[in-house]
Q: 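For reference, the structure I am asking about is given below.
Computed from a prediction, not measured in an experiment: that's the story for all the values here.
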Protein chains: 2
Amino acid sequence: MKVLIVEDDPLHRSYLHEAVRSALPECEQVLEAENGGAGEKLARENKSAHVVMDLQMSARNGIEAARTIWKERPDTRILFWSNYADEAYVRGVSRIVPPGAAYGYVLKSASDDRLKLALRSIFIESQCVIDREVRGLQQKSLGHANGFTDSEYEVLMDIALGLTDRAIAKRRNLSLRSVQNRLQQLYEKLDVYQPMTDSEESRFNLRARAVTVAFLRKLLNYSALERAEAELAEWLATR
Amino acid sequence: MKVLIVEDDPLHRSYLHEAVRSALPECEQVLEAENGGAGEKLARENKSAHVVMDLQMSARNGIEAARTIWKERPDTRILFWSNYADEAYVRGVSRIVPPGAAYGYVLKSASDDRLKLALRSIFIESQCVIDREVRGLQQKSLGHANGFTDSEYEVLMDIALGLTDRAIAKRRNLSLRSVQNRLQQLYEKLDVYQPMTDSEESRFNLRARAVTVAFLRKLLNYSALERAEAELAEWLATR
DNA sequence: ATCCGTCTTGCAGGATCCCGCAAATTTTCT
DNA sequence: AGAAAATTTGCGGGATCCTGCAAGACGGAT
């Protein structure tokens, strides 16, 4: 068995290396890459079927890397190992995992044992292992209780990118009014209607405010924005 | 000499601990805190005059912590040790450093030697040490060549928070039109006027787009937003 | 003092955004 | 199939945003 580690931070990389060695004695070789691009390349060359991947790397995003790896070999097992459980990350991951693939999502704050257990479960037993904190988010985002519809999430990304109502309508094949409907739902759910002061006027710009509170609530983050921007550029090219 | 380490990540914390021990043999005691709040408390109790501080911690921001520490004891020496050199961080730091204080800004990607040298320079020699990458940003942001005026940065934060033109005017004691002038300068500098397609209409919503490209350019980031939101709440309270 | 550049302010108008209302369409459920 | 619920769409109007034009205000330099 070969294991590929894709991780920015040298300290974390060597810690992971050590953890893999000790949790998987049957592993003959541990490869290391320090960004998404190098990770994709190594995975291709070595046909690695076992990857530990950091999200949030400077050069190339972990999610991007995972997507191309899975596109080439959908049975690859990937353990995502991240600092944060932002909803943006969780959504990003579950959007790209191929049907039936074994993967995991473990926080860096998890204990040694938890990490090692996850390594064995995913790489040996082909099970999915998702940290409880992350799992909670997943369910909340699916259960429509307080979560967001995919279509709402779409418009959220679109206004975060700075698109016009009209532009969104074109991109999503909707009428202007429908876009605005979705926006209203979004504003409702993000609870953006609070007046600035109890006194009188002076409110928020709903559109901009929505993006802000989405950020503060971790529905959005830098890498989600980065991905969205890339997708937008892609779409623009086809017009 | 006592040194206080404020850092989220256990791995980085112990690495720092080791680096301090080896670079500063005259240091008798190394204290550790795992978030900003605990850091402030320890600094107060131990009157630590030497701090190594991570920015970007989950519980309480490194910049916030540094601000309160410096407010209580302005001669404290603080070395900021961060993953990123976002302009948002650099601006945030230089906004709070007291006149004449010795501080440093070193990236986590720097070599062992660089870190140790910085530790000695700041804590022993009371010099300011700022990584070249960071320094570059500082100068660019000051030299008005391509950088942003403080007033432009202010409106940027304000629209990022989702404030109305009118609200910004009140907050900054300006007329409506002046705010809009600043916004125009901002749009100009952020180069937000590009049409979406070469063909015809369908452009960006300038206001939202400006915030986005500011994010992508690292002029803004999560912690800057967090701080701005707190300041806004504070201001709202005084109305 | 005068000149010059920068910053500020007002006004006006066109574009966009936000939203209530209501009809048409699709989806879901029985 | 038929009814109920949700979604989509059009229209219209009020609020906000973006901008050109032009007149003061302030400060520094000659």
Q: Please pick, from C:dC17, D:dT9, C:dT8, the nucleotide with the shortest atom-to-atom distance to any side-chain atom of B:N205.
A: C:dC17
Q: For B:N173 and C:dC7, give me the distance from atom CG to atom P, rounded to whole Å.
A: 18 Å
Q: Reckon B:S178 has a side-chain N or O less than 4.0 Å from the OP1 or OP2 of C:dT9?
A: yes
Q: Once rounded to the nearest 0.5 Å, what's the spacing between atom CG of A:N205 and atom CG of B:L161?
A: 11.5 Å
Q: Taking only the side-chain heavy atoms of B:R166 (C-beta and beyond), determine which of C:dT8, C:dT9, D:dT16 contains the nearest atom.
A: D:dT16
Q: Angle between ring planes, B:W70 versus B:F80, binned at 30° and 60°: parallel, tilted or perpendicular?
A: perpendicular
Q: With sugar-phosphate meaning primed atoms plus P, OP1 and OP2, does B:L174 contact a base, only sugar-phosphate, or nothing at under 4.0 Å between heavy atoms?
A: sugar-phosphate
Q: Taking OP1 and OP2 of D:dC11, is either one under 4.0 Å from a side-chain nitrogen or oxygen of A:R177?
A: no
Q: Which part of the nucleic acid, if any, lies within contact of A:R172, taking any heavy atom under 4.0 Å across all strands shown: a base, the sugar-phosphate backbone alone, or nothing?
A: nothing
Q: Ignoring backbone atoms, test whether A:S175 places a side-chain nitrogen or oxygen under 4.0 Å from the OP1 or OP2 oxygen of D:dT9.
A: yes
Q: Tell me whether the OP1 or OP2 atom of D:dG20 has a side-chain N or O from B:Q184 closer than 4.0 Å.
A: yes
Q: Could you tell me how far apart A:L176 (CG) and D:dG10 (P) are, to the nearest whole angstrom?
A: 9 Å
Q: Taking only N and O in the side chain of A:Y187, is any of them less than 4.0 Å away from OP1 or OP2 of C:dC17?
A: no
Q: Roughly, in whole Å, what's the span from CZ in B:F204 to C1' in C:dT16?
A: 16 Å
Q: Does NZ or CZ of B:K218 fall inside the cone over B:Y89's six-membered ring, less than 6.0 Å from its centre and within 45° of the axis?
A: no
Q: Check every strand shown and say whether A:L206 touches a base, only sugar-phosphate, or nothing at a heavy-atom separation below 4.0 Å.
A: sugar-phosphate
Q: Rounding to an integer number of Å, can you tell me how far A:R209 CZ sits from D:dT16 P?
A: 17 Å
Q: Check the distance between D:dT19's C1' and B:Q185's CD and give it to me in whole angstrom.
A: 14 Å
Q: Specify the separation, in whole Å, of atom CD of A:E154 and atom P of D:dT7.
A: 14 Å
Q: To check you understand the geometry: which heavy-atom pair defines the closest contact between A:M57 and A:D8, and what is its length?
A: CA-OD2, 2.7 Å
Q: Under a 4.0 Å threshold between the charged nitrogen and the carboxylate oxygen, would B:E40 count as salt-bridged to B:R60?
A: yes
Q: In whole Å, I'd like the distance from the CD atom of A:Q180 to the C1' atom of D:dG14.
A: 14 Å
Q: Any idea which of C:dT9, D:dT19, C:dC17 is nearest the B:Y193 side chain?
A: D:dT19
Q: From CG of B:D158 over to P of D:dT16, roughly how many Å is that when rounded to an integer?
A: 17 Å
